[in-house]
Participant: 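There's a structure below that I have some questions on.
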Amino acid sequence: MALPLRDRISIVKGDITGMQVDAIVNAANTTLLGGGGVDGAIHRAAGPGLLEECRGLGGCPTGEARITKGYNLPAKYVIHTVGPVYRGRPRDAAALRSCYRHSLELAARHGVESIAFPAISCGVYGYPVEEACRIAIDTCLDFLKQDEGISKIFFVLFGDRELEAYQACWKDVAARI
Ligand code: ADP
């Protein structure tokens, strides 16, 4: 039987590359050929096989996702999604929501039971974390409500500010489920 909904989301501080989960999500760019931030960290930890596989994918549009193997990572898969560059437009929120939804759909199709997300778009792409974390949590919760295949979602935050924003949002949301 599935865990209660509130136990299927965890917010943790740390480096996503060390997560022992079936899939970690990469906040990639449209080329899928690596970059800075979490993307760079994932490619460094996974090794050159990851870039080689990414080269064959031909990029990824904003709001969509692609899957590869995890190579030297503890995770079996990397799901690469491309968040919006924040400009405060309604379509930024829609694109961010779409990143989470597409990543989860792809994960479910590959039998992923545990998945870890970074704070997509909250680094170089400039999305305010207080807004982004609400979208992340709401979208993931909606998905979990209708899918029992994914038993656990981790949000892995690198900095204290991101961690505090996610924790506050989750406290608020979890009180109402
Ligand atoms: P984007 O271009 O989508 O904004 P970034 O990689 O610049 O992506 O930042 C996304 C978030 O990932 C930021 O909050 C950043 O602090 C965080 N981050 C950077 N490195 C790691 C890591 N190794 N593990 C988890 N989160 C990370």
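Order of appearance sets the numbers: ligands from 1, and atoms from 1 within every ligand.
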Participant: Show me which atoms of ligand 1 lie under 4.0 Å from any heavy atom of Ala41.
Facilitator: 23 (N)

Participant: Considering only heavy atoms, which of Met19, Glu162, Arg161 lies nearest to atom 14 (O) of ligand 1?
Facilitator: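 Nearest option to atom 14 (O) of ligand 1, by heavy atoms: Glu162.
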
Participant: Tell me the closest heavy-atom pair linking Ser103 and Phe117, and the distance in Å.
Facilitator: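 For Ser103 and Phe117, the tightest heavy-atom pair comes out as CB-CE2, 3.8 Å.
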
Participant: Has Gly83 got any heavy atom lying under 4.0 angstrom from an atom of ligand 1?
Facilitator: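 Not so, Gly83 does not reach ligand 1.
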
Participant: Ala27 heavy atoms, cut-off 4.0 Å: which ligand 1 atoms fall inside?
Facilitator: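 Those of ligand 1 that fall under 4.0 Å from Ala27 are 3 (O), 8 (O).
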
Participant: Tell me: protein heavy atom nearest atom 16 (O) of ligand 1, and distance?
Facilitator: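 Ranked first by proximity to atom 16 (O) of ligand 1 is Phe158 CB, 3.7 Å.
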
Participant: For Glu113, is there an ion pair with Arg8 - N to carboxylate O distance below 4.0 angstrom?
Facilitator: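 So Arg8 does not pair with Glu113 through a salt bridge.
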
Participant: Decide whether the shortest distance between a heavy atom of Gly159 and an atom of ligand 1 is less than 4.0 Å.
Facilitator: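 For ligand 1, residue contact (heavy atoms, under 4.0 Å) with Gly159 is absent.
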
Participant: In a check of side chain to side chain contact (heavy atoms under 4.5 Å, CB included) between Ile9 and each of Trp170, Tyr166, Phe154, which one passes?
Facilitator: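 Among Trp170, Tyr166, Phe154, the one that satisfies the side chain to side chain contact (heavy atoms under 4.5 Å, CB included) with Ile9 is Trp170.
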
Participant: With rounding to the nearest 0.5 Å, note down the distance linking CG in Leu32 to NE2 in His43.
Facilitator: 7.5 Å

Participant: Surrounding NZ of Lys76 (heavy atoms of other residues, nucleotides or ligands, distance under 6.0 Å), is the total greater than 12?
Facilitator: no

Participant: Considering only heavy atoms of Asp15, which atoms of ligand 1 have at least one such atom less than 4.0 Å away?
Facilitator: 22 (C), 23 (N), 24 (N)

Participant: Considering non-hydrogen atoms of the protein only, which is the closest contact for atom 3 (O) of ligand 1, and what is the distance?
Facilitator: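 The protein heavy atom lying closest is Ser121 N, 2.9 Å.
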
Participant: What residue and atom, counting heavy atoms only, is the protein's closest point to atom 6 (O) of ligand 1, and at what distance?
Facilitator: Val38 N, 2.8 Å

Participant: Identify the protein heavy atom lying closest to atom 11 (C) of ligand 1, giving its residue, its atom name and the separation to 0.1 Å.
Facilitator: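 The closest one turns out to be Ala119 O, 3.3 Å.
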
Participant: State whether the shortest distance between N or O atoms of Val124 and N or O atoms of ligand 1 falls below 3.5 angstrom.
Facilitator: yes

Participant: Polar contacts were defined as any N/O atom of the residue lying under 3.5 Å from an N/O atom of the ligand; does this apply to Tyr125 and ligand 1?
Facilitator: yes

Participant: Do Asp172 and Arg134 meet the salt-bridge criterion of a basic N to acidic O distance under 4.0 Å?
Facilitator: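 Answer for the salt bridge query: yes.
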
Participant: With rounding to the nearest 0.5 angstrom, report the CG to CD1 distance, Leu104 to Ile79.
Facilitator: 7.5 Å

Participant: Quick one: which ligand 1 atoms are inside 4.0 Å of a heavy atom on Gly14?
Facilitator: 24 (N), 25 (C)

Participant: Where is the nearest protein heavy atom to atom 24 (N) of ligand 1: which residue, which atom, and how far?
Facilitator: Ile16 N, 3.0 Å

Participant: Counting only N and O atoms by type, is there a donor-acceptor contact under 3.5 Å from the side chain of Arg66 to the main-chain atoms of Leu57?
Facilitator: no

Participant: Taking both backbone and side-chain atoms of Thr17, is any N or O found less than 3.5 Å from an N or O belonging to ligand 1?
Facilitator: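 N/O-N/O distance under 3.5 Å: no.
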
Participant: Do His80 and Thr68 have side-chain atoms, one donor and one acceptor, less than 3.5 Å apart?
Facilitator: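 Short answer, yes.
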
Participant: Flag yes if more than 12 heavy atoms outside Glu105 fall under 6.0 Å of its CD atom; otherwise flag no.
Facilitator: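 More than 12 heavy atoms, drawn from other residues, nucleotides or ligands, come within 6.0 Å of this atom.
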
Participant: With a 4.0 Å cut-off on heavy atoms, is Ala28 in contact with ligand 1?
Facilitator: no

